[in-house]
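See below for the structure under consideration.
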There are 2 protein chains.
Amino acid sequence: MATFGIGQLAQRAGVAIDTVRYYERNGLLPPSGRLASGYRRYGDIELKRLRFIRRAKVLGFTLEDIRGLLSLSDEQNVAEVRTAAQGKLADIEQRIAELERVRDGLRRLIAACPGHGRADACPILNALTQEETR
Amino acid sequence: MATFGIGQLAQRAGVAIDTVRYYERNGLLPPSGRLASGYRRYGDIELKRLRFIRRAKVLGFTLEDIRGLLSLSDEQNVAEVRTAAQGKLADIEQRIAELERVRDGLRRLIAACPGHGRADACPILNALTQEETR
DNA sequence: CTTGACTCTGGACCCGGGTCCAGACTGCAC
DNA sequence: GTGCAGTCTGGACCCGGGTCCAGAGTCAAG
């Protein structure tokens, strides 16, 4: 399999070289090997892994969360992997539910706001300053 | 209206006193007034505002986002308020959509995983190490 | 009054997640 | 074999969001 250096890897995944090394220090992305010189070498698996890390980050997972997700693949026990995945799924579902609550509240406020007139007739302002956004 | 001190406020909202002062420094939560001694005084409006800040934080808004949300109430123009609220709504909807994508991928993997047997038969592991989680 | 709890300010420190050197070595093309 | 881009390590620094002092002043009950 073709291997490439850290610069290539970083560039293909759209992250900084320092970030790659930072992830390595934190146990998220070991190189597949090293040259005699010490230069890190990576392959497509690492590239995919790095992209996975980035996507997970965007979605608000911490590096620790992600380490957990990735370490699933080190597990021996398929049943444990499944359980861990279910736990993550539950997290995500809860976050979605919370965001939906906020979304619905915001939608109602927007719908109720005339978009003109006196400020104290605007339900959005009232919600922020006097009530909770629900 | 009854007013109370920073300790009361913090305790009722379930945050640390230092956090309240930190929010003040960052323009999120000015006290309604001060005693001659310099002691901050707060009322129910501040309490609600603080609770709002906390809830928004839990949902992943940065303090800057929240400052934006709160500053809506300083706007003169009701139309602008409405527009800003719509922008926030769009953000939230996008985050929900991304999380749903992840949720669906994870659900499919879990459904496809037998929960036992050889590790390389587990689609969850394969997805993490070889494909992207979708 | 005194005492103990509360609050003030300013500044140091912490953690997560990076980012940016400096100084030295390496790989490759010419 | 020289030159330049690429890479190495270690450590300093940055930002957001707090958290924790120290030292001094304040409030209220007894």
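Letters go in sequence order (proteins before strands), and every chain restarts at 1.
With sequence neighbours excluded, the residues that form a side-chain hydrogen bond (donor to acceptor under 3.5 Å, both in side chains) with A:R107 are B:E93. A:R54 pairs by the side-chain hydrogen bond (donor to acceptor under 3.5 Å, both in side chains) definition with A:Y23, not counting sequence neighbours.
At the phosphate of C:dT9, OP1 or OP2 sits under 4.0 Å from a side-chain N or O atom of B:R40.
The shortest non-hydrogen separation linking A:A16 to A:A10 is C-CB, 4.0 Å. Closest approach of B:L9 and B:E46 over heavy atoms only: CD1-C, 4.2 Å.
Remark: A:R12 qualifies as a cation-pi partner of A:F4 under the 6.0 Å distance and 45° angle criteria applied to the six-membered ring. Annotation: cation-pi geometry not satisfied between A:R21 and A:Y42 (NZ/CZ under 6.0 angstrom from ring centroid, within 45° of ring axis).
The OH atom of A:Y42 sits 10 Å away from the P atom of D:dT7 (whole-angstrom rounding). As a whole-Å value, the separation of B:Q8 CD from D:dC27 C1' is 14 Å. Rounded to a whole Å, the CD1 atom of A:I6 is 12 Å from the C1' atom of D:dT9. One interatomic measurement links the two molecules: CG of B:D18 to P of C:dC8, which rounds to 11 Å at whole-angstrom precision. Distance A:L29 CG to C:dG18 P: 12 Å, rounded to the nearest Å. Rounded to whole angstrom, the span from the CD atom of A:E24 across to the C1' atom of D:dT7 amounts to 13 Å. When the P atom of D:dA12 is taken as reference, atom CZ of A:R25 falls 13 Å away, rounded to whole Å. Taking atom CG of residue A:N26 and atom P of nucleotide C:dT19, one finds them 13 Å apart after rounding to whole Å.
Counting only heavy atoms from C-beta outward, the side chains of A:D65 and A:D91 never approach each other to under 4.5 Å. Between B:Q8 and B:L47 the shortest side-chain heavy-atom distance does not fall below 4.5 Å.
Within the helix from C:dC1-D:dG30 to C:dC30-D:dG1, the inter-axis angle between the opening and closing five-pair segments is 0°, rounded to 10°.
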Please determine whether side chain to side chain contact (heavy atoms under 4.5 Å, CB included) holds for the pair B:V20 and B:I17, giving the CA-CA distance in whole Å, both sets of side-chain angles, and the decisive distance to 0.1 Å.
CA-CA 5 Å; B:V20 175; B:I17 288 179; 5.6 Å; no

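Heavy atoms of B:R21 sit under 4.0 angstrom from at least one base atom.
Between the side chain of B:Y39 and the base of C:dC6, at least one donor-acceptor pair of N or O atoms lies under 3.5 Å.
The line from CG of B:L50 to CD1 of B:I45 is 13.5 Å long, rounded to the nearest 0.5 Å.
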Heteroatom pairs (N/O) under 3.5 angstrom, protein to nucleotides 14-17 of chain D:
{"unit_1": "D:dG17", "atom_1": "OP1", "unit_2": "B:L63", "atom_2": "N", "d": "3.2"}

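Residues from residues 31-38 of chain B lying near DNA chain D, meaning a heavy-atom separation below 4.0 Å, are B:S37 in numerical order.
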I'd like a table of donor-acceptor pairs (distance under 3.5 Å, sequence neighbours excluded) in which one partner is a side-chain atom from residues 24-34 of chain B, with atom names and distances.
{"unit_1": "B:E24", "atom_1": "OE1", "unit_2": "B:R40", "atom_2": "NE", "d": "2.6"}
{"unit_1": "B:E24", "atom_1": "OE2", "unit_2": "B:R34", "atom_2": "NH2", "d": "3.2"}
{"unit_1": "B:N26", "atom_1": "ND2", "unit_2": "B:Y22", "atom_2": "O", "d": "2.8"}
{"unit_1": "B:S32", "atom_1": "OG", "unit_2": "B:R41", "atom_2": "O", "d": "3.1"}
{"unit_1": "B:R34", "atom_1": "NH1", "unit_2": "B:G38", "atom_2": "O", "d": "2.9"}

